[in-house]
Amino acid sequence: MREKVTEALQGALHRARRRGQLKIEPFPVVTLELPKRPEWGDLASTVAMSVASAERRSPQDVAQIIVDNMEHPEAIFDRVEIARPGFLNMTVKRGLWLEVLTTIEAEGRAYGTSAIGAGRRVLLEYVSANPTGPLHVGHGRGAAVGQALANLLSASGYEVVNEYYINDSGRQMKLLGASVYARLQQLNGREAPLPEDGYRGAYIDEVAARLQEQCGTTLLEQPADEAEQRCRDLAYQELLEGIRRDLQSFGITFDMWFSEASLQASGSVEHVLDDLRKRDLLFEEAGALWFRSSAFGDEKDRVVRKQEGEYTYLATDIAYHRDKLLRGYDLLIDVWGADHHGYIPRMQAVIQAYGYPKDCLRIVLVQMVNLLRAGRKIEMSKRAGEFITLREVIEDVGPDAAKFFFLMRRSDTHLDFDLELATQKSAENPVYYVQYAHARISSLFRVAESRGITVPKPSEANLELLTDPDEFSLIKKLSTYPSVVQGSAAALEPHRLTFYLQELAGLLHTFYYKHRILPPASDLDTVEDEGIADESGPSMGWHGERVVPGLPEARLVLMHEVQSVIRNGLGMLGISAPDRM
RNA sequence: GCGCCUGUAGCUCAGCGGAUAGAGCACUAGCCUCCGGAGCUAGGGGCCACAGGUUCAAAUCCUGUCAGGCGCGCCA
């Protein structure tokens with residue numbers, strides 16, 4: 001439907017150019033929108049206005065030229081009008097709108113997918129939490145965003161690989177080992193202070209206790225260095241396993257777990273640095289080694305190797321991103337906590353140092369989550385090891401509600417997540433509101449089935465009977481779903497889809513309440529027109545609605561397609577679409 | 001001090017340069033003989049922080065001011 005309209009407008013633009021009426025140098029993108037007011041028709045475009053200034057003509061003139069150059073507009077439109085500044089307000093033929101339902105039915109799960117990605121390969125890296133403790137809520141948000149992006153991009157014709165980068169070397173790991181070792185010693189009555197900046201969460205004690213169980217006192221008899229290293233290795237394995245489990249309970253799996261240590265082991269860090277040095281992008285100063293990131297727009301140069309000879313994380317990040325590029329991806333996407341935003345320029349400098357345009361790397365920032373319970377903020381302190389883990393949230397509200405809340409706001413803004421609201425089974429809880437719309441339709445189908453009514457295919461129903469404005473609101477909303485998916489994917493903003501689903505669910509609930517879909521269960525269903533007066537009933541409710549033969553079937557088709565889009569949309573967000581709740 | 005982000009209804013937030021700026025909470029007044037009321041309807045509520053500029057058109061883009069958040073390590 002939208003395609004036909006777009007083609008009609010593009011065709012008109014081409015003809016106008018051929019006839020010399022318009023120059024149209026950069027061929028404009030024809031955008032369509034659903035107008036807010038009924039007088040503006042049911043589909044509007046702003047192309048005329050957008051090309052007007054380049055044409056040096058008034059938007060009105062351009063609009064008129066477009067209209068004059070349309071071929072057989074009567075095949076598509078009932079009316080095309082030019083409104084004030086230069087809007088093209090179109091009224092599309094009803095039959096075309098109804099085709100939307102046929103399209104959704106035919107495409108099924110593929111409805112909403114597109115090929116705008118053109119098979120480009122994307123490496124999407126997210127979560128990448130240090131294996132030094134359990135995942136917390138912030139990681140959960142990153143996970144939800146990452147997964148939704150992966151789905152959106154795949155649906156838009158990109159080839160996506162999900163990757164988790166494991167920071168399994170360096171200072172944090174060392175600290176982890178030392179912390180566990182200290183606790184282990186304490187368990188055995190030794191005086192062993194926790195290191196400064198050590199990890200002090202209760203999970204450290206648990207890990208120590210399990211080590212104790214597994215190894216008894218053998219660890220304590222070893223030299224401190226060795227024992228600490230053993231502690232580190234075992235704690236690391238255990239914590240990483242925990243992260244995997246948590247992600248799995250959250251419904252998220254990665255294609256690839258990439259180890260930072262492997263970069264160092266393979267010597268690729270040195271290799272990469274040598275390479276940069278040859279191109280004069282590294283230099284020594286004050287005993288340290290620096291990356292000349294300022295040559296690519298960063299505000300200053302950055303250290304890659306400290307005076308003591310240790311590499312900074314930047315060194316491994318350079319090697320890591322170089323590795324990603326070498327693996328042949330066209331686009332790298334990193335999902336980061338918003339507190340890392342200061343690193344964007346230097347990572348883009350890295351990308352450019354390798355001769356790629358800087359937008360080869362796109363960073364999605366994820367802001368903090370404030371957990372609330374019944375409107376009250378839950379205080380957390382990461383330093384003291386007091387924080388709510390992702391696992392606790394999942395156990396509390398379930399993965400679906402958690403994901404929906406994580407995806408409800410633009411990812412780079414703070415999010416208030418009310419745990420109590422998320423478990424509420426009411427219209428105030430947006431997750432239930434949307435899922436219920438789906439379940440409600442399933443329920444309707446169950447009732448229909450029990451009465452021997454099956455949901456027909458669009459071709460088997462007389463869709464022409466769908467004439468009510470509420471029916472058309474739904475159809476119009478359904479028609480925009482593919483562009484919502486494309487827009488969300490292109491902007492890397494899953495929240496747009498979350499909003500869309502809430503709006504669609506709202507329209508469904510309104511429709512469902514106001515209109516009766518199945519014929520009355522009694523045998524009075526073949527009453528003549530006079531049987532039930534047109535306007536005797538109140539404007540709300542279905543009391544006054546006429547029983548029209550064939551309408552129930554047409555409406556069932558409509559419901560079926562609404563349900564299909566809700567299911568597709570929720571699936572895109574990694575959320576289930578239950579048949580009953 | 002420098003950089004990034006944010007400032008939209010009482011609250012939480014949407015809003016690809018387009019028409020009279022929207023939604024959900026909250027508030028007010030209503031709606032259950034009926035396919036799930038886990039729902040629906042109606043109403044009030046705004047100088048889109050402020051001031052300039054670009055444009056046929058600015059909440060949206062640019063500049064400045066004010067307010068809040070974050071970042072400015074040879075920490076990750």
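In what follows, every chain begins at residue 1, and chains take the letters A, B, ... in the order their sequences are listed.
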Q: Can you tell me whether the base of B:C72 sits syn or anti, using the 90° cut around 0 to define syn?
A: anti
Q: Provide, to the nearest angstrom, the distance between the NZ atom belonging to A:Lys514 and the P atom belonging to B:C40.
A: 12 Å
Q: Between B:G37, B:G15, B:C72, which one does the side chain of A:Arg440 approach most closely?
A: B:G37
Q: Can you tell me the pairing partner of B:G1 across any strand shown, Watson-Crick or G-U wobble, with both distances under 3.5 angstrom?
A: B:C72
Q: Assign A:His340 to base, sugar-phosphate, or nothing according to its heavy-atom contacts below 4.0 angstrom with the strands shown.
A: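 Base: the residue A:His340, judged by heavy atoms under 4.0 Å, touches a nucleobase.
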Q: What's A:Glu308 touching, base or sugar-phosphate or nothing? Going by heavy atoms closer than 4.0 Å.
A: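 Base, at least one base atom sits under 4.0 Å.
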Q: So what does A:Gln367 hit on the nucleic acid, given a heavy-atom distance under 4.0 Å: a base, only sugar-phosphate, or nothing?
A: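 Touches nothing.
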Q: Scan every strand shown for a Watson-Crick or G-U wobble partner of B:G7, both distances under 3.5 Å, and answer none if you come up empty.
A: B:C66
Q: Looking at B:A23, which nucleotide sits across from it as a Watson-Crick or G-U wobble partner, both distances under 3.5 angstrom, or is there none?
A: B:U12
Q: Hydrogens and angles aside, do A:Gln563 and A:Ser442 bring a side-chain donor and acceptor to less than 3.5 Å of each other?
A: yes
Q: Classify the side-chain pair A:Thr91/A:Asp42 by whether it contains a donor and acceptor separated by less than 3.5 Å.
A: no
Q: Under 4.0 Å between any heavy atoms, over every strand shown, what does A:Asn89 touch: base, sugar-phosphate, or nothing? Just pick one.
A: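 Counting heavy atoms under 4.0 Å across all strands, the contact made by A:Asn89 includes a base.
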Q: If the threshold is 4.0 Å, N to carboxylate O, is there a salt bridge linking A:Glu39 and A:Arg37?
A: yes
Q: How is A:Arg37 classified with respect to the nucleic acid when contacts are heavy atoms under 4.0 Å: base, sugar-phosphate, or nothing?
A: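 The residue A:Arg37 makes base contact.
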Q: For A:His414 and for A:Asp339, locate the closest nucleotide of RNA chain B by heavy-atom distance; then report the residue assigned to the nucleotide nearer the 5' terminus.
A: A:His414
Q: Hey, does A:Ala286 reach any base, or is it just sugar-phosphate, or nothing, if we go heavy atoms under 4.0 Å?
A: base
Q: May I ask you to say what A:Ser50 touches in the nucleic acid, namely base, sugar-phosphate or nothing, with a heavy-atom cut-off under 4.0 Å?
A: base
Q: Touch check for A:Arg580, heavy atoms < 4.0 angstrom, all strands: base, sugar-phosphate only, or nothing?
A: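 Base, at least one base heavy atom under 4.0 Å.
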Q: Roughly how many Å is it from CZ in A:Arg410 to C1' in B:U8, rounded to a whole number?
A: 12 Å
Q: Please pick, from B:G3, B:C74, B:C35, the nucleotide with the shortest atom-to-atom distance to any side-chain atom of A:Thr312.
A: B:C74
Q: May A:Phe87 be described as stacking on the base of B:A19, applying a 5.5 Å centroid limit and a 30° limit on plane angle?
A: yes
Q: In chain order, what residues pass the ring pair (Phe, Tyr, Trp, His ring centres under 6.0 Å) check against A:His414, with sequence neighbours excluded?
A: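 Scan of A:His414 (ring pair (Phe, Tyr, Trp, His ring centres under 6.0 Å), adjacent residues dropped) gives none.
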Q: Phosphate oxygens OP1/OP2 of B:G73: is one of them under 4.0 Å from a side-chain N or O of A:Lys306?
A: no
Q: Between B:C70 and A:His341, counting only base atoms on the nucleotide and side-chain atoms on the residue, is there a donor-acceptor pair under 3.5 Å?
A: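 Side chain to base: pair found, below 3.5 Å.
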Q: Taking any strand in view, what nucleotide pairs with B:C32 in a Watson-Crick or G-U wobble way, both distances under 3.5 Å?
A: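 Checking every strand shown, B:C32 finds no partner, since no pair has both distances under 3.5 Å.
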Q: For A:Phe445, which contact category applies under a 4.0 Å heavy-atom criterion: base, sugar-phosphate, or nothing?
A: nothing
Q: Between the base of B:C16 and the side chain of A:Glu33, is there a donor-acceptor distance below 3.5 Å?
A: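 Between B:C16 and A:Glu33, which were checked side chain against base, a qualifying N/O pair under 3.5 Å is present.
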Q: When you compare the side chains of A:Glu163 and A:Tyr320, does any donor N or O come within less than 3.5 Å of an acceptor on the partner?
A: yes
Q: If you look at every strand shown and take non-hydrogen atoms under 4.0 Å, does A:Ala288 touch a base, only sugar-phosphate, or nothing?
A: base
Q: Looking at every strand, decide which applies to A:Ala44 at a 4.0 Å heavy-atom threshold: base, sugar-phosphate, or nothing.
A: base
Q: Heavy atoms under 4.0 Å, any strand shown: does A:Thr510 hit a base, just sugar-phosphate, or nothing?
A: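 Sugar-phosphate: the residue A:Thr510, judged by heavy atoms under 4.0 Å, touches backbone atoms but no base.
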Q: Can A:Arg555 and A:Glu471 be counted as an ion pair, charged N to O under 4.0 angstrom?
A: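 Salt bridge present between A:Arg555 and A:Glu471.
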Q: With sequence neighbours left out, what residues match A:Lys324 under salt bridge (charged side-chain N to carboxylate O under 4.0 Å, His left out)?
A: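 Partners of A:Lys324 under the salt bridge (charged side-chain N to carboxylate O under 4.0 Å, His left out) test: A:Glu125, A:Asp334.
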Q: Are the ring of A:Trp40 and the base ring of B:A19 both nearer than 5.5 Å at their centres and tilted by less than 30°?
A: yes
Q: Taking CG from A:Asp579 and P from B:C35, how many angstroms apart are they, rounded to a whole number?
A: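 Nearest whole value for this atom pair: 19 Å.
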